[in-house]
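Basis for what follows: all heavy atoms, side chains included, without hydrogens, waters or symmetry-related copies. Naming convention: chains lettered A, B, ... in sequence-line order (proteins, then strands); numbering from 1 in each chain. Note that this is a predicted model, so its numbers are computed, not measured.
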Amino acid sequence: MASGSATPAQAAAWLARDAVDSLPAGELERKLVSVAEQGRSLRVKLGIDPTAPDLHLGHTVVLRKLQEFQGLGHQVVLIVGDYTARVGDPSGRSQIRPLLTGEQVDANARRFADQAAHVLDVGEVELRFNGEWLDMATHELFALARTTTIAQLLERDDFAKRQAAHEPVSVLELLYPLLQGYDSVAVKADVELGGTDQKFNLLLGRDIQRAYGEEEQAILTMPILPGTDGVRKMSKSLGNEIAVLDRPEQIYAKTLRVPDDALAQWWELLCDEPPSPGLSPRDAKRTLARSLVARFHDEAAAQDAERAFDRVFVDHELPEEIEDASFHAGDGEVHLPALVAELFGMSRSEARRLQEQGGVRIGGAMLSGAELDLAPEMLDGQVLQVGKRRHRRLHRRG
RNA sequence: GGGGGGAUGUCCGAGUGGUUAAAGGAGACGGGCUGUAAACCCGUUGGCUCUGCCUACGCAGGUUCGAAUCCUGCUCCCCCCA
């Protein structure tokens with residue numbers, strides 16, 4: 001572990017140990033030397049666009065890195081991209097993002113700021129919203145636009161690929177990297193962090209800074225955390241995320257569902273210490289799951305989550321806590337597909353299909369596709385189970 | 001401004017007048033196996049008052065006994081030339 005007494009070279013090497021790129025070569029170390037001489041600390045920038053409402057594990061990879069800088073006494077500048085979220089970062093995207101409304105963005109931005117507190121010591125963080133400076137006059141935007149050429153922007157992979165595939169790239173998207181770069185100008189960033197998919201934007205930030213007569217930032221890129229599918233980048237829109245605010249059981253269960261192939265990466269990107277050697281993949285995963293729950297909740301919650309998980313999925317018992325749900329019986333029988341559809345947000349046809357496939361149980365007994373209408377007495381007080389993980393305790397109403 | 005190409009279900013992608021709710025793949029979901037992993041097997045994947053009915057192949061009309069497939073207009077996208 002590095003400490004305040006480490007030399008700049010040691011600190012730089014330690015900070016970059018798990019990064020993919022630390023560019024330009026030697027720059028981070030030079031910055032560390034230079035600020036030490038000036039008697040100040042580094043201004044380390046991270047920008048997050050609140051395009052989705054919640055922070056997830058993928059965000060925490062970079063946030064943890066930010067925290068390391070913080071631990072060494074540097075100034076963290078967290079930029080919530082309330083303004084850039086309206087533009088849409090094309091990084092890694094194969095198509096134009098749908099635009100969010102101003103209200104959505106504002107609501108998301110506030111949530112983000114709150115949630116960052118789960119990962120960072122926000123008391124020490126300089127939190128900024130980039131609408132503060134990006135809501136600029138047109139002539140200022142023109143000045144910004146003059147700093148960069150089309151050729152520079154088209155060097156970028158995503159744009160090049162989309163061009164080649166005859167997919168649209170809007171001028172607005174082209175502008176995005178400039179706006180991000182301007183953030184660096186506005187906060188006088190010495191270092192900017194990001195995922196590897198941000199490399200182009202981060203590097204372009206240097207050009208923008210130079211154009212504005214500022215000193216250029218060093219950049220550090222972190223690996224991208226795969227989602228719970230083990231393949232694609234973790235993101236809310238792909239539904240493969242574990243959110244910082246997920247409940248303990250969710251964090252635990254989702255972690256166990258991660259394919260083993262991705263396990264090593266998860267350990268590396270999310271934990272300080274590697275798993276003890278000799279630990280089976282299964283146990284390594286369980287350990288990881290516990291530690292993640294403990295990180296975002298606490299140790300007791302981790303124990304409980306594991307117990308609850310084992311109860312349901314290892315011992316095949318009902319969960320201890322089952323959400324209640326009421327059903328309306330009227331005088332006749334209850335149409336099960338309608339009830340299932342209503343309870344779990346699916347269509348009746350879908351519910352019917354699930355039942356035909358043996359995915360619906362009442363009181364542990366699998367129902368056949370013929371048992372669509374049941375007497376209310378057979379349901380009242382019983383546990384309805386759909387698939388392996390959805391349960392409701394039914395209560396008659398009316 | 002001119003010319004050409006394209007728009008199909010969650011996604012990719014077949015299909016150019018009739019057994020097409022629409023091949024195939026991916027993803028997802030259910031069942032089995034299991035470590036809620038991987039691999040593998042089986043099945044499902046528009047809606048519904050479900051042995052049938054309704055809605056669907058960019059949008060709106062039209063031709064036809066019958067259209068995703070033909071015609072007309074419109075919208076959007078891409079490429080080339082200027």
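In this structure, Glu323(A) contributes its side chain and Arg392(A) its backbone to no donor-acceptor pair below 3.5 Å. Judged by distance alone, with hydrogens and angles left aside, the side-chain atoms of Gln209(A) form a donor-acceptor pair with the main-chain N or O of Gln217(A) at under 3.5 Å. Between the side chain of Ser326(A) and the backbone N or O of Arg397(A), no donor-acceptor pair lies under 3.5 Å. Looking at Gln382(A), its side chain never comes within 3.5 Å of a backbone N or O of Glu377(A) through a donor-acceptor pair. In this structure, the side chain of Gln152(A) engages the main chain of Thr149(A) through a donor-acceptor pair within 3.5 Å. Side-chain atoms of Lys285(A) come within 3.5 Å of backbone N or O of Val258(A) as a donor-acceptor pair.
Taking atom CE of Met346(A) as the reference point, atom P of U45(B) lies 15 Å away to the nearest angstrom. Protein atom CG of Leu354(A) is 13 Å distant from nucleotide atom P of G46(B), rounded to whole Å. As rounded to whole Å, 13 Å separates atom C1' of C53(B) from atom CZ of Arg352(A). One atom, CG of Leu372(A), and another, P of C50(B), lie 9 Å apart when rounded to the nearest Å. At whole-Å resolution of the value, CD in Glu350(A) and C1' in A21(B) are 16 Å apart. Leu339(A) places its CG atom 13 Å from the P atom of U49(B), with the value rounded to the nearest Å. Following rounding to the nearest Å, Leu288(A) (CG) and G35(B) (C1') show an atom-to-atom distance of 15 Å. Rounding to whole angstrom units, CZ of residue Arg257(A) and P of A37(B) are separated by 9 Å.
For the C1' atom pair drawn from C33(B) and C78(B), the interatomic distance equals 48 Å after rounding to whole Å. The separation of G25(B) from C40(B), taken at their P atoms, amounts to 14 Å, rounded to a whole angstrom. On the C1' atoms, G46(B) is 16 Å away from C11(B), given to the nearest whole Å. The separation of C80(B) from A28(B), taken at their P atoms, amounts to 37 Å, rounded to a whole angstrom. Atom P of U72(B) sits at a distance of 29 Å from the matching atom of C81(B), rounded to the whole Å. Taking the C1' atoms as reference points, C70(B) lies 16 Å from C57(B), given to the whole Å. Using C1' as the reference atom, A56(B) and U8(B) are 10 Å apart when rounded to the nearest Å. For the P atoms, the distance linking G66(B) with C54(B) amounts to 15 Å, nearest Å.
The side chain of Lys388(A) has G32(B) as its nearest neighbour among G32(B), G35(B), C48(B). Nearest nucleotide to the side chain of Gln357(A), out of G32(B), G47(B), G43(B): G43(B). Side-chain proximity of Pro281(A) to the nucleotides C50(B), G30(B), G35(B) is greatest for G35(B).
Side-chain atoms of Asp260(A) come within donor-acceptor range of the base of G35(B), with a qualifying N/O pair under 3.5 Å.
Using a 4.0 Å heavy-atom criterion, one finds that Lys285(A) contacts the bases of the nucleic acid, with or without backbone contacts as well. Here Arg390(A) lies in heavy-atom contact (under 4.0 Å) with sugar-phosphate atoms only. Nucleic acid contact for Arg286(A): none, since no nucleic acid atom lies under 4.0 Å from a heavy atom of the residue. As judged by a 4.0 angstrom heavy-atom cut-off over every strand, Val314(A) is placed among residues touching the sugar-phosphate backbone only. Across all strands shown, Val386(A) has no heavy atoms under 4.0 Å from either base or sugar-phosphate atoms. Among the heavy atoms of the strands lying under 4.0 Å from Ser347(A) are primed sugar atoms or P, OP1, OP2 only; no base atom is included.
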What pattern of brackets, bars and dots sums up RNA chain B from 5' to 3', given Watson-Crick or G-U wobble pairs under 3.5 Å, [ ] for crossing pairs and | for another strand? ((((((((.[[[..)..(.....]]]((((((.......))))))(((...)))...[[[[[..)....]]]]]))))))).

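Contacts of Ile224(A) classified as side-chain contact (heavy atoms from CB on, under 4.5 Å), with partners at least two apart in sequence or in another chain: Thr196(A), Asp197(A), Lys233(A).
Position along RNA chain B of the nearest nucleotide to Met366(A) versus Ala341(A) favours Met366(A) as the more 5'-ward residue. Where Asp310(A) and Arg232(A) each meet RNA chain B at their nearest nucleotide, the meeting point lying more 5' is that of Arg232(A).
Taking side-chain N and O atoms only, Arg353(A) has a distance below 4.0 Å to OP1 or OP2 of G47(B). Contact annotation: Arg348(A) reaches the phosphate of U49(B) (side-chain N/O to OP1 or OP2, under 4.0 Å).
With respect to the salt-bridge test (charged N to carboxylate O, under 4.0 angstrom), the residues Asp310(A) and Arg286(A) qualify. With respect to the salt-bridge test (charged N to carboxylate O, under 4.0 angstrom), the residues Arg307(A) and Glu320(A) do not qualify.
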